[in-house]
Novice: 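One structure, as C-alpha cells, below. Some questions next.
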Amino acid sequence: MGMLNGKKLLLFGEEGGISADIMADCLKDSGAEIIFSVTECPT
C-alpha cells in the first residue's frame, strides 16, 4: 500500500521541465489513480 493509496491525481507536466510521463512513472507504485496526465509547452 502506497502513501497516496486511494487518491486521484491530475498530472500537469512542462515540456523542457518535468513531463507528465516522468511524473506518472515515479508515482506508479504510490497507490494513487492517475486520472489525467498532460505535458504542455509553456508560452
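Keep in mind that this is a model prediction, so the values were computed, not measured. All heavy atoms count here, side chains included; hydrogens, waters and symmetry mates do not.
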Novice: Does a side-chain heavy-atom distance below 4.5 Å link I35 with L9?
Specialist: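 Not in contact.
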
Novice: Within a reach of under 6.0 Å around CD of E15, are more than 12 heavy atoms found that belong to other residues, nucleotides or ligands?
Specialist: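 Counting other residues, nucleotides and ligands, CD of E15 stays at 12 neighbours or fewer.
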
Novice: Rounded to the nearest 0.5 Å, how far does CD of E33 lie from NZ of K7?
Specialist: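 The NZ atom of K7 sits 13.0 Å away from the CD atom of E33.
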
Novice: Side-chain donor-acceptor pairs under 3.5 Å in residues 18-25, sequence neighbours left out?
Specialist:
residue : atom : partner : partner atom : Å
S19     : OG   : I22     : N            : 3.3

Novice: Please list all pairs meeting ring-ring contact (aromatic ring centres under 6.0 Å, His included) that have one or both residues in residues 13-43, counting only residues at least two apart or in different chains.
Specialist: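 Only F12-F36 qualify under ring-ring contact (aromatic ring centres under 6.0 Å, His included).
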
Novice: Could you check whether any side-chain heavy atom of I34 comes within less than 4.5 Å of a side-chain heavy atom of L10, counting everything from C-beta outward?
Specialist: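 Sidechains of L10 and I34: no contact.
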
Novice: Are any of the side-chain heavy atoms of V38 and L11 separated by less than 4.5 Å?
Specialist: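 They are not in side-chain contact.
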
